[in-house]
Structures are given as C-alpha cells and as structure tokens.
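Here the structure is a predicted model, which is why all the values come from computation and not from measurement. No hydrogens, no waters, no symmetry mates; every other heavy atom, side chains included, goes into these values. Below, chain A is the first sequence line, B the second, and so on; all start at residue 1.
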Amino acid sequence: DAKTTQPNSMESNEEEPVHLPCNHSTISGTDYIHWYRQLPSQGPEYVIHGLTSNVNNRMASLAIAEDRKSSTLILHRATLRDAAVYYCILSIRDNDMRFGAGTRLTVKP
Amino acid sequence: GAVVSQHPSWVICKSGTSVKIECRSLDFQATTMFWYRQFPKQSLMLMATSNEGSKATYEQGVEKDKFLINHASLTLSTLTVTSAHPEDSSFYICSATRDRSYEQYFGPGTRLTVT
C-alpha cells in the first residue's frame with residue numbers, strides 16, 4: 001500500500017482556516033485520497049475523498065496537487081468541535097483502508 | 001443514513017474468558033465489514049475484513065483462532081475475543097461499506113478491558 005506522511009500535530013485558532021497537508025509521493029494512478037477524522041474515544045468519521053480534481057463538501061475542501069503526490073485538507077473556519085486526529089489514507093480499492101499516524105489538530109479559542 | 005452501531009460500548013472481563021462484540025449496520029446492507037483495533041495514543045490497525053456468508057480475511061499477525069469473526073447477515077458482524085488476556089485490552093472499532101459508496105461508516109467503538 002502506498003504510504004502517506006502527515007505532520008504529527010497542528011494548531012489553529014478558532015474561526016480561522018486550517019490547511020492540513022499530506023504527502024503521498026508513491027501514489028498510484030488508481031489510488032483514491034481519503035480523509036477521515038477521529039474525535040477522542042469515538043470511531044473515525046468520513047470527511048472527504050478525491051481522485052484527481054479538487055473537491056468540496058459541507059465539511060471541508062480537498063486540494064490535490066497536479067502530480068497527485070500531495071494533497072491538503074482545508075477546513076474553512078475551524079471550530080472547537082474540529083479538534084481531532086485527521087487521517088489521510090490512500091486506497092486502491094475503496095474498501096481497503098490502512099490508517100497512518102494522522103495529524104492531531106488542536107483548535108484554540 | 002448509514003449508521004453503524006456496536007454493542008457493548010465497553011466491557012470488562014476476567015483473563016481467560018471470551019467476549020463477543022457486535023457490529024450492526026442499522027439502515028443499510030453492508031457489503032463488507034471491517035474490524036480494527038486501536039491501542040491508546042496509536043492509530044487504528046486493521047485486523048480483518050469480512051463479507052457476509054464467507055470466512056473473514058485476517059491481516060498478517062492477527063490470530064484467527066483468537067479473534068473469531070462471524071458475518072452471518074448483511075447487517076451484522078461479530079468479533080469474539082477468545083481466552084482474553086490483559087494485552088487484548090484495547091478499543092475495538094468496526095466499519096462497514098455499502099455498494100457504490102466510497103465511504104467506510106464506522107461504529108462508535110467498544111472499549112475492552114481484561115483484568
């Protein structure tokens with residue numbers, strides 16, 4: 001499985017945008033880029049996914065580099081409820097996901 | 001829609017006993033269900049993948065005789081930890097997928113403590 005690299009932790013101020021980076025230099029042409037987040041003592045929650053084009057939904061935006069070797073999850077206005085561990089995952093088949101260490105996002109009021 | 005439940009949410013058992021954890025897709029039929037384990041301050045580790053009516057596929061290093069998975073219907077999968085030991089104490093999380101969806105829908109997790 002292709003690997004992803006994310007910063008261990010990031011901090012943000014409430015109401016400000018957050019850009020969470022993910023490097024995946026060994027991504028293959030059929031890998032989808034998925035983002036999930038996990039709040040403390042809960043199961044992960046789907047955030048967004050994409051293949052080549054940038055994607056937007058009500059939770060976030062996903063910006064994918066032209067060469068697909070990196071991507072950025074964008075939270076447009078961070079709230080305290082967005083504090084979580086964010087996982088960037090590559091999946092050849094949409095059903096097979098391996099979680100890396102993720103980025104722990106802290107949101108300061 | 002697409003809700004996955006787990007039961008129990010937490011359980012404490014004595015060393016040597018067996019514990020069964022249920023995972024249910026409440027409002028959809030799950031083509032595939034997954035079981036993960038998560039130790040404190042670590043990431044999720046995939047244990048096994050199961051499809052309804054067939055044997056589960058276990059990840060390397062996961063003992064299939066210790067972690068019994070039964071996927072009897074399109075809405076229910078069970079994980080039984082047999083002869084549990086303190087090192088099996090962990091947060092167990094299931095997830096499910098459905099046809100034509102790229103999402104995995106995760107349950108809330110079950111915290112197992114073996115004393």
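The number of heavy-atom neighbours closer than 6.0 Å to NE2 of B:H7, taken from other residues, nucleotides and ligands shown, is 12 or below. The number of heavy atoms from other shown groups lying within 6.0 Å of CG (A:N8) does not exceed 12. Counting non-hydrogen atoms of neighbouring residues, nucleotides and ligands closer than 6.0 angstrom, the CD atom of A:E66 reaches no more than 12 such neighbours.
In terms of non-hydrogen atom pairs under 4.5 Å with chain A, the most contact-rich of B:E59, B:Q6, B:Q42, B:M45 is B:E59.
Cluster membership check: B:F91 does not share its hydrophobic cluster with B:V11, using side-chain heavy-atom separations under 4.5 Å among Ile, Leu, Val, Met, Phe, Trp and Tyr.
B:I12 belongs to a hydrophobic cluster whose remaining members, ordered by chain and number, are B:W10; membership requires side-chain heavy atoms of ILVMFWY residues under 4.5 Å apart, directly or through intermediates.
Taking B:F67 as the reference, nothing meets the ring pair (Phe, Tyr, Trp, His ring centres under 6.0 Å) condition, with sequence neighbours excluded.
B:E103 contributes atom CD, which lies 10.0 Å from atom NE2 of A:H34 (distance to the nearest 0.5 angstrom).
For a residue to count as touching a neighbouring chain, one of its non-hydrogen atoms must lie under 4.5 Å from one of that chain's; by this rule B:L44 touches chain A with backbone and side chain alike. When heavy atoms are compared at a cutoff of 4.5 Å, B:Q38 approaches chain A solely by way of its side chain, counted from C-beta outward.
The closest donor-acceptor contact from the side chain of A:Y36 to the backbone of B:Q104 lies under 3.5 Å.
Residues B:Y36 and A:M97 approach most closely at OH-O, 3.5 Å, considering heavy atoms. Between A:Y87 and B:S43, the shortest heavy-atom distance links the atoms CE2-OG, 3.3 Å.
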